[in-house]
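To keep things clear, I will list the structure first and then write my remarks on it.
We count residues from 1, following the sequence as given. Quantities reported herein were computed from a predicted structural model and do not represent experimental measurements.
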Amino acid sequence: MPALDKRAVKRALGRAGEAVKSALSSLRFSTSHESLLRGTVLALVAVIAAGIRLLPIRWGAYLSEFDPYWHYHVARHVVNHGFASFFTWHDDKVWYPWGRDVAKTTYPGVPFATAALYLFLRALGVPVTLYQVCVFFPVLMGTLTCLAMYYLGREVGGPKVGLLSAFLLAVSSAHIERTALGFCDDETIGIFCIVLYFTFLLRAIDEERSEAAHLAYSVLAGLSLGCLCASWGASRYPIAIASALAVLLVLLRRYRPRLLSAYSISFGLALFIAVNVPRLGVKFLLEATTASALLAIIVLALAELTRHMEKPRDKILTVAVAAALLGVAAYLAYHYGLVKLPSRKFISVLNPVARKELQLFQSVAEHRPSTWAILFYEFGGGLVFMLAGLYFAIREPTDKNVCIAILGFTSIYAAASLVRLAILMSIPASVLWALALDKLARPMVKVMEEAEEAFIRKKEHAGKGLAGFGLPVMFLITLLSISGAIKVADSPVTIASASLPLRVECQDWIDALNWMRENLPEDAVIVCWWDYGYWIRVIANRTTLADNGTTNMTQIKTIATMFLSNETEAIRILDEELHRPTHLVVFVTFDRFGRDAGYGDENKAHWMCRIAGFNESTYWDERGAWTEEGKRTLIYKLVDWVKANVTERVIVPLKHFKLLYISRLGEGPTGNIYAKVAVFEIIYEAEGGI
């Protein structure tokens, strides 16, 4: 073997070292101070967003409200039996005796996302439970949405508007309420997807981007919208808004071929995903709201066709014929039922008067019409800045400004129609608010700079004082408008406070559900008001007659009728119409003097009356006190029986209902209010017969 030449080896090592240095230098990237500052601010926004949304943890890491428990329940089933099992799962322990077809009544977005995240974390060796993933998932998604908002704001008004938009969403009360710790509901993914969709759509139709970027953003927009369709019923809203944007751009004579391709790709991909979601199916394509996407594509295709025509007369004739054919087709499709209106709860957003017929829908506080007081509580002075932002957007009607203006006007109407939809308004409100601050601050800063130059030149300038006053006022209004964000988040989740709107810990519901799981027979069937159905099914693991899905309004109406009947009639309804449940649960709130507090079934009895179709004056007088007829109802007697046991007052027990358990009996009130969960055994064969 020939000997190695030391000089050759030295030269080879030198060349190798130079190659390594060259490779490492090519990996370096340069960044400006502005980019570094921007990244730092965005990181601080993420910390603020996550920190605020984590505040409820001091009362315990629980899921909040009711629907998140169902999402956790579905995610748990998917983890245990595989994702494919979702599509064939029939849960027999809800809506007894029929059960529930889970795939056709549940959006898979949130359960699939939490299940996938849990499996991913477990694969990495992270010691976390699925329940913990679901509890913290809203905080994660809320923070990611704020980061995504930066890019939407940047598309509309540049980096400064982007940073302000992200910050304003991070401290938006409307957004915090539904993305705080434990609120693992549809909006967590839904709002994130809406922000992504409009960001990608605006980039896809931007003429300054390359063809490859146009195609990539069109696909990303379609995937975002498809994910939204699989996660939230409000997917109809961005579909309608995007369709309106397309038609409006054509009317403003801003059509270009990129619009047709972007909309065709994004809508086509999104609707393909949507029809494969069992809850939506092919019938989703036949809804009037979804048909707006088809209308937008037709209008864009017509604009593309007329673009190649040289004679104005040919263009007018083509448009007139197409409009006539489209009108006739739309009429025939509606007349023969090919295109159907969406469900009544979606129609009630457009027409709040129609909500009078949906008493069950109205019984939920978040489904009621908003007021100016509520909107001001949610957005404060941001409402003024939002209107100013709309003015600036309309004054410079670029594609992006037109889009955010449409979002702004429609979201104001939606939030005014339905309290819950204030979260939709938080998106354009943050962008328009930021846009207004940017536009208003620029001339003030310029005036101050001019005044400074005038001072140096020893010339008079009257604008410095005005600008120096205007900027602090804008800052003060913004500060006061976002100061309530901490207060909104700093409250316990619903189950930790036993549904009391107080910043106190109350374990009654948690203890009662645990007691049911450990002490009631596994084949027990529980009847209660529908609000508590998910808690009983998921936490207590017992069968219920109704849950929060409200898929069987007839059964809910029958339960309402039962509660407002006398004991004899109630036991007959339970026996003959409600399939003989074994136990009954009520939730009662009252003060130390036995007066109704109004947070439990004693207040929900009013909604039971409306849903059952009864006259409230039969059961309550003008002052809201129970009438003699009302005092003969089962719900009154159950509530009174719970109060008597807590306050050690003696009354005649019920014949067909045996009290088994009252939560935390013997303990004092929480915040001067008792919140008691009571479990009764139903006795169908009482002494002496029914």
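The shortest side-chain heavy-atom distance between Leu163 and Val45 does not fall under the 4.5 Å cut-off. Counting heavy atoms from C-beta on, the side chains of Leu407 and Leu424 never come closer than 4.5 Å. Side-chain contact check for Ile556 versus Asn552: every heavy-atom pair is 4.5 Å or farther apart. Leu169 places a side-chain heavy atom less than 4.5 Å from the side chain of Thr145. Counting heavy atoms from C-beta on, the side chains of Ser481 and Phe379 never come closer than 4.5 Å. Within the 4.5 Å cutoff, the side chain of Tyr263 has heavy atoms near those of the Leu245 side chain. Side-chain contact between Leu440 and Met474: present, with at least one pair of heavy atoms (C-beta onward) separated by less than 4.5 Å. The shortest side-chain heavy-atom distance between Ser165 and Tyr150 does not fall under the 4.5 Å cut-off.
Ile52 CD1 to Lys487 NZ: the interatomic distance, rounded to the nearest 0.5 Å, is 15.0 Å. Taking CD1 from Ile559 and CE from Met608, the interatomic distance works out to 9.5 Å, rounded to the nearest 0.5 Å. Interatomic distance, Trp620 CH2 to Asn615 CG, rounded to the nearest 0.5 Å: 10.5 Å. Taking OG of Ser430 as the reference point, atom CE of Met425 lies at 10.0 Å (rounded to 0.5 Å). Distance CG/Leu295 to OG1/Thr290: 12.5 Å, rounded to 0.5 Å. Interatomic distance, CZ of Phe183 versus CZ of Arg178, reported as 3.5 Å (0.5 Å rounding).
Between Pro108 and Pro111, the closest heavy-atom pair is O-CD, 3.4 Å. Closest of all the heavy-atom pairs between Cys229 and Ala274 is CB-CB, 3.9 Å. Looking at every heavy atom in both residues, Ala166 comes nearest to Cys146 through CB-O, 3.2 Å. Closest non-hydrogen pair, Ile176 versus Ala485, comes out as CD1-CB, 3.6 Å. Nearest heavy atom pair, residue Val139 against residue Ala180, reads CG2-C, 4.4 Å. Here the shortest heavy-atom pairing between Ile423 and Glu187 reads CD1-CB, 3.8 Å.
The side-chain hydrogen bond (donor to acceptor under 3.5 Å, both in side chains) contacts involving residues 46-56 comprise Arg53-His175, Arg53-Thr179, where partners must be two or more places apart or lie in separate chains. Applying the salt bridge (charged side-chain N to carboxylate O under 4.0 Å, His left out) test to pairs two or more places apart or on separate chains, those with a residue in residues 606-616 are Arg610-Glu616.
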(request) Under the side-chain contact (heavy atoms from CB on, under 4.5 Å) rule, what do Cys134 and Leu63 come out as? Steps first, then yes or no, please. (result) CA-CA 7 Å; Cys134 291; Leu63 288 173; 3.9 Å; yes
(message) Walk me through whether Leu225 and Ser266 qualify under side-chain contact (heavy atoms from CB on, under 4.5 Å).
(response) CA-CA 8 Å; Leu225 186 57; Ser266 60; 5.9 Å; no
(message) Show, in sequence, the C-alpha distance, side-chain angles and deciding distance for Val135 and Leu181, and conclude whether the side-chain contact (heavy atoms from CB on, under 4.5 Å) test is met.
(response) CA-CA 6 Å; Val135 169; Leu181 181 84; 3.6 Å; yes
(request) Test side-chain contact (heavy atoms from CB on, under 4.5 Å) on Leu280 and Val275 and set out the steps. (result) CA-CA 6 Å; Leu280 299 176; Val275 298; over 6 Å; no
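Taking the ring centroids of Trp535 and Phe66, they lie under the 6.0 Å cut-off. With ring centers used as reference points, Phe587 lies under 6.0 Å from Trp509.
Not counting sequence neighbours, the partners of Arg254 by the salt bridge (Lys or Arg N to Asp or Glu O under 4.0 Å) test are Asp399. Evaluation of the side-chain contact (heavy atoms from CB on, under 4.5 Å) rule for Leu502 yields Leu500, Val504, Ile673 as partners, not counting sequence neighbours. Residues satisfying the salt bridge (Lys or Arg N to Asp or Glu O under 4.0 Å) criterion with Arg100, sequence neighbours excluded, are Asp547.
Checked against Val156 for a side-chain contact (heavy atoms from CB on, under 4.5 Å), the options Val431, Leu432, Thr398 give a single hit: Val431. Under the side-chain contact (heavy atoms from CB on, under 4.5 Å) rule, Ser231 has a single partner from Asp185, Thr188, Ile189, Asp186, which is Ile189.
Within 6.0 Å of the CZ atom in Phe614, the count of heavy atoms belonging to other residues, nucleotides or ligands exceeds 12. Within 6.0 Å of OH in Tyr413 there are more than 12 heavy atoms belonging to other residues, nucleotides or ligands. The neighbour count for Tyr151 OH, taken as heavy atoms of other residues, nucleotides or ligands under 6.0 Å away, does not exceed 12.
Of the N and O atoms on the side chains of Thr494 and Glu65, at least one donor lies less than 3.5 Å from an acceptor on the other residue. No donor-acceptor contact under 3.5 angstrom links the side chains of Tyr237 and Ser411, judged on distance only. Donor-acceptor pairing under 3.5 Å is recorded for the side chains of Asp601 and Tyr532.
For the pair Arg503 (side chain) and Pro492 (backbone), a donor-acceptor distance under 3.5 Å is absent. The backbone N or O of Thr289 lies less than 3.5 Å from no partner atom in the side chain of Arg236, so there is not a single donor-acceptor pair. For Asn548 (side chain) and Asp531 (main-chain N/O), a donor-acceptor pair under 3.5 Å exists by modelled atom type. Distance alone, capped at 3.5 Å, is enough to place a donor-acceptor pair between the Ser483 side chain and the Leu480 backbone. Distance alone, capped at 3.5 Å, is enough to place a donor-acceptor pair between the Thr114 side chain and the Val110 backbone.
Classified by interplanar angle (parallel below 30°, tilted 30° to 60°, perpendicular above 60°), the ring pair Trp70/Tyr534 is parallel.
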Can you give me every donor-acceptor pair (side chain of residues 191-205, partner residue at least two apart or in another chain, under 3.5 Å) with its distance?
| unit_1 | atom_1 | unit_2 | atom_2 | d |
| --- | --- | --- | --- | --- |
| Thr199 | OG1 | Val195 | O | 2.7 |
| Arg203 | NE | Glu155 | OE2 | 2.9 |
| Arg203 | NH1 | Tyr217 | OH | 3.1 |

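For the pair Lys439 and Glu396, the salt-bridge criterion is met [side-chain N within less than 4.0 Å of a carboxylate O].
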